[in-house]
Amino acid sequence: MQILCRRAGWAILILSCALVLAGCGGSDSQSGKQQADAAKPTKAEKQNDGGDQPLVSGLPDFTRLVKQVSPAVVNISALPPRAQPPGKNAGSGGSTAPQGQGDALRDWLHRFFGDDDQGNGPAPPQMPDDSEHVSLGSGFIISPNGYILTNRHVIAGAGQIVVKLNDRRQLIAKVVGADPDSDVAVLKVKADHLPTVKIGDPNKLDVGAWVVAIGSPFGFETSVTAGIVSAKGRSLADDQYVPFLQTDVAINPGNSGGPLFNMAGQVVGINSQIYSQTGGYQGVSFAIPIDIAMKVAKQLRTTGHVTRGWLGVQIQNVDRELAQSFKLQRPEGALVTQILKGSPASKADIDVGDVILSFNGHTVDSASDLPPLVASIAPGEKAKLKILRDGKTRTEQVTIAALPARLQGGQGGSGTPNGQSKPDEPPFGLTLQSLNTKQRRALGLDRGGVRVTDVAPGPAAEAGLQPGDVILSVGSTDVEDRQSLLDALRQAHGPVALLVLRGGVRLYLPMQTQAPDKKGG
């Protein structure tokens, strides 16, 4: 012990000497000055003072939220009608009672939710037989007397729908109504005093905010996943009336129809779709905003169907070059490419080539913003549109109508008519041909229109024009024939917007009418 102490003492002494030697190389005053200078913050440090403080600290604890809201989340199983085997009567198989839906449902419930044949408790998870096509999904209770929200695709074509509650009860549900355009369905079960969810406001949800999903992925009930809001107002193909919430919450088959909660335990969306190349979760999920879903649910409960507002215009996005041609400071708004006959737009002062910048005070930043805004207006109500026309803004009021059950698209045409000679090659890389009365009638045109029969390298090809396109106007100037089109192109300065009819759909294409200045390399 004495030897160890002595060795320790020598070590302390050596360390002290080393510290003294490390301070050598200058006078005490110089050393003190250097230390004082080193302690002073630099100019950059003064500017960044407090900038290194974390903006986010810690992770949220979801346990209280899950305990509070999970009783109102349900598992939904949909089974299509089961046909009787040929030649087998309902009373066969040793049963004295007819085998109806109750027996089929009981067998199915036993397979997926009941005990195994040996009475050893719940059977392990099984995949349904290919002939049964069982649809598994999720939902949530919105009223104590048994109204439930889910996705339409969860229950589409179902013969029997079983709702499994958080307390293990299994109830048969009926479909109150389903809307294919929003993918929302309302179910009803016979029960009272059920737990319900609280409805939140998705408009107050910020990008980056935490959200929680509860559902039954692959049939595993009351599974909880969490993530953040990745984006808002996403437009997906064939879903023009829903501005989706995009999240990175793990969503898989079986989560469809389940609720998306904010941190206050309020539902802000219905988990509906995923973007995947494998069929499983890849980090991009989409939810229907709950305010839109609740409006749909209210109509389904009241009338059994959904009525949406209709303006009657075809629109497209405004890109950078189109923005320049329409004298917009930046790409924004919905560019009107066609006005449907008999529509509310046809009865108002709205023209092809107008750019709709706002609708009822809501900014229209892109074309996908307009359909949900119009659809939310009840037929017969008036709406105010802010429109850009010829570089000037104006306000137009229009009475919204009900969206027709089916809208018929226009008829298009392509190719060069037989027996017609090919015109001379004009400038801009365009070979053009005027339309006759018969050709206009086939395209649904009252007048004008010039067909593109060939596109050579040049401004037309760079603009994306194709053989078969029919050019209807140059900017706001309608073209009656080939010569009027060429005159309008020659008189234009800089980029110009061409209204083109392609395959029955009208769209604007920006085209440069002047060669770029090559000065300066």
Side-chain angles (χ1 to χ4, degrees), residues 313-319 321-327 335-341 346 350-355 389-391 409-517:
V313 294
Q314 285 187 1
I315 54 176
Q316 74 174 73
N317 273 327
V318 178
D319 60 18
E321 291 181 327
L322 284 174
Q324 292 177 355
S325 67
F326 286 108
K327 299 180 175 62
L335 176 57
V336 178
T337 61
Q338 184 178 5
I339 298 175
L340 303 183
K341 292 182 179 180
S346 67
I350 301 176
D351 293 336
V352 171
D354 287 348
V355 180
R389 179 184 298 173
D390 296 329
Q411 295 179 348
S414 62
T416 303
N418 293 330
Q420 298 288 339
S421 61
K422 186 176 180 180
D424 295 334
E425 186 82 18
F428 311 106
L430 280 172
T431 303
L432 303 168
Q433 188 177 58
S434 301
L435 298 179
N436 57 36
T437 303
K438 183 178 180 180
Q439 293 167 345
R440 292 191 185 100
R441 188 179 298 115
L443 294 171
L445 300 176
D446 295 329
R447 58 187 179 84
V450 178
R451 191 189 302 278
V452 177
T453 60
D454 194 16
V455 180
E462 294 173 0
L465 284 165
Q466 302 173 4
D469 287 346
V470 175
I471 300 175
L472 304 177
S473 68
V474 178
S476 59
T477 303
D478 295 334
V479 292
E480 295 294 332
D481 51 27
R482 172 178 175 270
Q483 190 59 48
S484 66
L485 170 60
L486 293 177
D487 290 342
L489 291 176
R490 291 189 180 103
Q491 294 172 6
H493 300 283
V496 65
L498 304 181
L499 179 59
V500 175
L501 178 65
R502 177 182 294 172
V505 177
R506 300 188 184 204
L507 72 156
Y508 275 98
L509 296 177
M511 190 180 87
Q512 284 287 350
T513 58
Q514 291 180 341
D517 188 358

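Computed from a predicted model, the values in this text were never measured in an experiment.
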For the [atom1] atom of [X] and the [atom2] atom of [Y], what is their distance to the nearest 0.5 Å?
X      : Y      : atom1 : atom2 : value
Ile471 : Leu489 : CD1   : CG    : 7.0 Å
Leu486 : Gln491 : CG    : CD    : 11.0 Å
Leu507 : Leu501 : CG    : CG    : 9.0 Å
Arg440 : Arg447 : CZ    : CZ    : 9.5 Å
Gln314 : Ile339 : CD    : CD1   : 10.5 Å
Ser325 : Met511 : OG    : CE    : 11.5 Å

Residue pair [X] / [Y]: nearest heavy atoms and the distance that separates them:
X      : Y      : value
Ala323 : Val318 : N-CG1, 3.6 Å
Thr453 : Pro467 : O-CB, 3.8 Å
Thr337 : Leu499 : O-CD1, 3.5 Å
Leu472 : Gly449 : CD2-CA, 4.1 Å
Leu445 : Arg506 : CD2-NH2, 3.6 Å

request  = Give the intermediate values and the outcome of side chain to side chain donor-acceptor pair (under 3.5 Å) for residues Asp481 and Ser484.
outcome  = CA-CA 5 Å; Asp481 51 27; Ser484 66; 3.1 Å; yes
message = Using only atom types and a distance under 3.5 Å, with no angle test, would you say the side chain of Gln324 pairs donor to acceptor with the backbone of Glu321?
response =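 Not at all, since once roles are kept as given, no pair shorter than 3.5 Å links the two residues.
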query = For Lys341, does its backbone N or O pair with a side-chain atom of Ser346 as donor and acceptor, under 3.5 Å?
reply =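 A pair under 3.5 Å: no.
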request  = Apply the test side-chain contact (heavy atoms from CB on, under 4.5 Å) to residues Leu485 and Arg482: give CA-CA distance (whole Å), side-chain angles for both, the deciding distance (0.1 Å), then the verdict.
outcome  = CA-CA 5 Å; Leu485 170 60; Arg482 172 178 175 270; 5.8 Å; no
